[in-house]
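Let me begin by presenting the structure, written as structure tokens, before commenting on it.
What you see below is based on every heavy atom in this structure, not just the backbone, and it leaves out hydrogens, waters and symmetry mates.
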Amino acid sequence: MSQITTINPATEETIARYDVMTKLEAVDRVEASHAAFLDWREISHERRAEHLRLIAKELRDNADELARLMSQEVGKLYRDSKTEVEICAAIFDYTAEHGPSELADAERRHSGGKKPGLVTFAPIGVIYSIQPWNFPLYQPVRVLASNLMAGNGVVLKHAGICTGSGLKLREICVGAGLPEDLFQVVIIDHDTSDALIAHDKVRGVTMTGSDGAGRHIGTQAARALKKQVLELGSNDAYLVLEDADVDLAVKTSVIGRIYNNGETCVSAKRFVVTEKVYDAFVEKFVAAMQDIKLGDPMDDDTGLGPLSSAEQLDIVREQVEKSVAGGATIVCGGEVPDRTGYYYPATVLTDCAPGTPAYDDEIFGPVAAVIRAKDDEDAMRIANDSRYGLGGGIFSRDEEKAVRLAKLHFDTGMVRINSFGAADPNMPFGGVKNSGFGREHGGFGMKEFVNAKAIFLP
């Protein structure tokens, strides 16, 4: 029987080993979730909300243990792991508070009827959730909370390197009183995963990951005529316009690049800087990135932990090498330190050109690509010169101008003005182009996998 081994990326020590399920075992989990769904769909939104609030409390009560496990499995700074637990609890609370009104029946007048018709948002069944490792709790929770509120069951296939976090999440949900079979976790290989997508009890598929993986998952789901939501990463551009507050741009950009060890879909990755402020920005940005301290993710004074795995370290190193071969200049960082753990330093590349990973691709690590623009118009052009479109940012003292650019010209799903942040339960989350389709958060996720059913009355 094959196994998945989880390894602490800071120490390179083995954490645990897990047996990979057979196809039959995985199918049993799907069918158990479906059976639980048949009962769950019958209870009211208000009762579902009570369950979600209990899960939120259980998350907070187990925050230290959860945070420690996440940091051990993927190298997250412990303080960031603690924040992630609280964000997840807040998502359950938000969904519990707003779900009943978001999903309430709506009356609609229709031709030929004296009485108004009804639009009801009916649950559809089991949702298959395929999630990555960079936010071991948040990634599955944003799918789980919205779909439990909608009345669906959820089967989670988590990334192998954070298997323990996925199992712990289910344990917490069951401990909070959620019906035991409604939320399942499967430990499976890719072939079994494809078989689950095709299973008739799976009614929808949601996945976060690379655009390459998204094409595969999307193809499998489309072949089976399954509704899907895909969030496929990005190489988000943050524009430093001619009238930007350079000090604010530098401070925010450093946070935006090294947050979560640089392993965030919606983090700042490309910094498109206008000629007028280019030299001042680069000088201060490089100095700030050089001050970032690598270290044990459990230590309070550590600024940057390890990458999640040896594989991820190799990918980032190769992307930087290819970018340099394509003309980029390493201004700071760029060398793997001689130490235990999968560490990569805060790195700044300038002279980044089209055709290289720093310009075209998503570098999932603490590597900043700085690109010079002639002026504000050129900066906007460069920002949109990407196959991706998840998020982005604009630094400008003229907030009205920045909002106008964000609304009319920035071809992404999310735009930050003079700020950085990852996600908010109140606002829609998702992208365009190769960053995928569909939305989560802000009430939108609760309606992605429901049947908007029209009921006509005479």
Side-chain angles (χ1 to χ4, degrees), residues 26-59 88-89 91-108 115-129 140-156 169-186 196-197 199-206 224-229 425 438 440-441 443-458:
V27 167
D28 283 346
R29 301 298 196 283
V30 170
E31 293 180 347
S33 180
H34 175 75
F37 151 76
L38 295 177
D39 292 328
W40 182 253
R41 67 179 178 177
E42 298 286 343
I43 73 172
S44 68
H45 295 123
E46 288 73 20
R47 282 187 59 199
R48 294 175 200 158
E50 292 172 6
H51 281 278
L52 267 59
R53 291 190 180 96
L54 289 172
I55 294 172
K57 181 181 184 302
E58 196 76 7
L59 285 171
C88 291
I91 289 170
F92 276 107
D93 282 339
Y94 173 91
T95 308
E97 180 180 354
H98 297 279
S101 59
E102 288 281 351
L103 295 165
D105 292 348
E107 290 189 348
R108 290 282 182 95
K115 298 177 182 177
L118 289 179
V119 177
T120 188
F121 301 101
I124 59 175
V126 175
I127 308 305
Y128 182 38
S129 175
V141 159
R142 69 185 190 188
V143 173
L144 180 63
S146 60
N147 281 287
L148 290 179
M149 175 52 70
N152 295 320
V154 177
V155 173
L156 168 67
L169 173 60
R170 181 178 181 275
E171 178 185 318
I172 283 173
C173 290
V174 173
L178 191 72
E180 186 169 0
D181 288 332
L182 189 64
F183 171 41
Q184 296 284 350
V185 177
V186 291
L196 292 193
I197 292 172
H199 193 281
D200 63 354
K201 294 297 189 291
V202 169
R203 295 292 300 275
V205 180
T206 181
L225 296 179
K226 304 291 176 71
K227 169 71 184 292
Q228 55 194 283
V229 170
E440 296 168 310
H441 294 323
F444 292 84
M446 297 182 220
K447 293 181 179 177
E448 285 286 358
F449 293 106
V450 293
N451 175 11
K453 186 184 298 184
I455 301 175
F456 296 85
L457 296 173

Which atoms form the tightest heavy-atom contact between P123 and R41, and what is the distance? CG-CB, 3.7 Å

Please step through side chain to side chain contact (heavy atoms under 4.5 Å, CB included) for the pair V141 and L169, ending with a clear verdict. CA-CA 9 Å; V141 159; L169 173 60; 4.0 Å; yes

If you take all heavy atoms of P116 and L457, which pair is closest and at what distance? O-CD1, 3.3 Å

Does the side chain of V155 reach to within under 4.5 Å of the side chain of V186, using non-hydrogen atoms? yes

Are the side chains of H34 and L38 in touch, meaning some heavy atoms are under 4.5 Å apart? yes

Rounded to the nearest 0.5 angstrom, the CE-OH distance for M446 and Y94 is 5.5 Å

Min side-chain heavy-atom separation L118-E107 under 4.5 Å: yes

Closer than 3.5 angstrom, by distance alone: can the side chain of S101 be matched with the main-chain N or O of H98 as a donor-acceptor pair? yes

Indicate yes or no: at least one non-hydrogen side-chain atom of Q184 is less than 4.5 angstrom from one of V30. no

Are any non-hydrogen side-chain atoms of L54 and F92 less than 4.5 angstrom apart? no

To the nearest 0.5 Å, how far apart are OG in S146 and CG in L52? 9.5 Å

Do T206 and E448 have side chains that get closer than 4.5 Å, going by heavy atoms? no

Does a side-chain heavy-atom distance below 4.5 Å link L144 with C173? yes

Kindly indicate, with the supporting measurements, whether the criterion side chain to side chain contact (heavy atoms under 4.5 Å, CB included) is fulfilled by H51 and W40. CA-CA 11 Å; H51 281 278; W40 182 253; 3.7 Å; yes

Are there over 12 heavy-atom neighbours, none belonging to K453, within less than 6.0 Å of that residue's NZ? no

Are V205 and K227 close enough, and set up right, to give a side chain to side chain contact (heavy atoms under 4.5 Å, CB included), and what steps lead you there? CA-CA 6 Å; V205 180; K227 169 71 184 292; over 6 Å; no

Could you give the distance from CD1 (I455) to OG1 (T120), rounded to the nearest 0.5 Å? 5.5 Å

Could you tell me the separation between the CD1 atom of I172 and the CG atom of L178, rounded to the nearest 0.5 Å? 12.5 Å

Show the nearest heavy-atom pair for residues L103 and F121, with the distance to one decimal. O-CD1, 3.7 Å

Please report the shortest heavy-atom distance between A89 and A56, naming the atom on each side. O-CB, 3.5 Å

Go through E31 and H199 one step at a time and tell me if the side chain to side chain contact (heavy atoms under 4.5 Å, CB included) criterion holds. CA-CA 10 Å; E31 293 180 347; H199 193 281; 3.4 Å; yes

State the CG-OG distance between N152 and S129, to the nearest 0.5 angstrom. 12.0 Å

Nearest non-hydrogen partners of A176 and E58, listed with the distance: CB-CB, 4.1 Å

Please answer whether the main-chain N or O of V154 pairs with a side-chain N or O of N147 as donor and acceptor at a distance below 3.5 Å. no

Ignoring hydrogens and geometry, is there a side-chain-to-backbone donor-acceptor pair from R170 to F183 under 3.5 Å? yes

Counting N and O atoms only, with roles assigned by atom type, does the side chain of R48 sit under 3.5 Å from a partner on the main chain of I43, one being a donor and the other an acceptor? yes

Side-chain donor/acceptor of R203 to backbone N/O of I124, under 3.5 Å: yes

Compare all side-chain heavy atoms of H441 with those of R142 and state whether any distance is below 4.5 angstrom. yes

Rounded to the nearest 0.5 Å, what's the gap from CD1 on I197 to CD on Q228? Could you check? 8.5 Å

Side-chain donor or acceptor of K201 paired with backbone N/O of S33 under 3.5 Å: no

So does A122 get a backbone contact from the side chain of N451, meaning a donor-acceptor N/O pair under 3.5 Å? no

